[in-house]
Amino acid sequence: MINILSSRTIYEKDHVYEKLNKYITKDKKVCVIAFSFFENNFSQATYLKDYEAPLGKWYLHIVEPFRRYGLDESNFEFILYGKDTKEEAKEKVLSSDIIFLPGGAPDLFYERLESYDLVKVLAGLDNKIVMGPSAGTMVQFNWFHISKDRDYKRFILSDGLGFIEDFGVEVHYRRRKQQKKGIRRVSHFNPRPVYVIDDEGFMILENKEIIYSYHVKKYYQDGKKIR
């Protein structure tokens, strides 16, 4: 399995493209699991419109960066919460080459994946590329932390998909006080390393081994900040 971790949807940028174009080719089929929305002011009609081709806000946000790799609308299938059935969702996952996990609310993302029985399906994959920014990165881990911010009023630990176990991450790292506090707290809870990924950063893992990182730093390990 290939895991691509990032804070933002930056795949069209030069420094990312030059590393990912060996994995993302124009023949690849992409399955977008659009389950990461926040519940505040959620509207099913707006949600469906935002992911609708060809001009939906989130549709364009996801599809446009991949045009640089030669992909177009025909390469993409979307799994939409409340619209696709569990069986349709499973079929779309299994028939794809790339699983794309959008940003948003990572804890709610995982809960919705469970409600669609997709956690078990995804756990059985070993020959896919799994990628996505922010929440789409966090949910790839066996468990993850969420530092307090404007969307989350308290520190949270959540289960994840289990693709990665040996370390954790803090996405959108901007040296904020609450981020440092969250990293310190999770590192005291578990000694595994915590890497910070800034908004231009990304990581590539092959078979759970980190083979490349950019604007990523190992920040905490064994309950101690790394100097």
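Counting begins at 1 with the first residue of the sequence. Hydrogens, waters and symmetry mates are skipped; everything else that's a heavy atom, side chains included, is used.
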Is [X] salt-bridged to [Y], going by a charged N under 4.0 Å from an acidic O?
X    : Y    : result
R68  : D14  : yes
R112 : E39  : yes
E87  : K90  : no
K86  : D117 : yes
D199 : R174 : yes

From W58, F109, Y47, residue fulfilling ring-ring contact (aromatic ring centres under 6.0 Å, His included) relative to F37: Y47

Tell me if the aromatic rings of [X] and [Y] count as close, with their centers under 6.0 Å from one another.
X    : Y    : result
Y59  : Y51  : no
Y219 : Y173 : yes
Y116 : Y81  : yes

Could you state the interatomic distance from [atom1] ([X]) to [atom2] ([Y]), rounded to the nearest 0.5 Å?
X    : Y    : atom1 : atom2 : value
L118 : L161 : CG    : CG    : 9.5 Å
R184 : S147 : CZ    : OG    : 10.5 Å
K19  : I24  : NZ    : CD1   : 14.0 Å

Fit a plane to each ring of [X] and [Y], take the angle between them on a 0 to 90° scale, and name the class: parallel (under 30°), tilted (30 to 60°) or perpendicular (over 60°).
X    : Y    : answer
Y69  : Y17  : tilted
H15  : F202 : tilted
F141 : F167 : perpendicular

query: Can you check side-chain contact (heavy atoms from CB on, under 4.5 Å) on V32 and F76, steps first, answer last?
result: CA-CA 7 Å; V32 180; F76 288 82; 4.0 Å; yes

query: Given F66 and Y11, is the ring pair (Phe, Tyr, Trp, His ring centres under 6.0 Å) satisfied, shown in steps?
result: CA-CA 7 Å; F66 288 95; Y11 314 116; 5.7 Å; yes

Could you see if [X] belongs to whatever hydrophobic cluster contains [Y]? Use Ile, Leu, Val, Met, Phe, Trp, Tyr and a side-chain cutoff under 4.5 Å.
X    : Y    : answer
I129 : V121 : yes
V196 : I210 : no
W143 : Y110 : no
M138 : F155 : no
I183 : F144 : no

- request: Check the pair N142, F163 against side-chain contact (heavy atoms from CB on, under 4.5 Å), reporting the backbone distance first and the verdict last.
  value: CA-CA 6 Å; N142 58 334; F163 299 136; over 6 Å; no

Are side-chain N/O atoms of [X] and [Y] paired as donor and acceptor at under 3.5 Å?
X    : Y    : result
H172 : Q179 : no
T25  : K28  : yes
N3   : Q140 : yes

Over all heavy atoms of both residues, which pair between [X] and [Y] is shortest? Give the atoms and the distance, please.
X    : Y    : value
N75  : K26  : ND2-O, 2.9 Å
V30  : S96  : C-CB, 4.4 Å
G103 : S134 : CA-CB, 4.3 Å
A34  : L80  : CB-CD2, 4.0 Å

- request: Using atom types as modelled and distance alone, determine if a side-chain donor or acceptor of S187 lies under 3.5 Å from a backbone N or O of G223.
  value: yes

- prompt: Going through the distances and angles, do D126 and M1 end up as a side-chain contact (heavy atoms from CB on, under 4.5 Å)?
  reply: CA-CA 5 Å; D126 59 8; M1 176 176 286; 5.6 Å; no

task: Using the test side-chain contact (heavy atoms from CB on, under 4.5 Å), find all partners of K92 that sit at least two apart in sequence or belong to another chain.
output: C31, E77, I79, D84

- prompt: Please walk me through it: do M203 and I4 pass side-chain contact (heavy atoms from CB on, under 4.5 Å)?
  reply: CA-CA 6 Å; M203 306 174 74; I4 299 169; over 6 Å; no

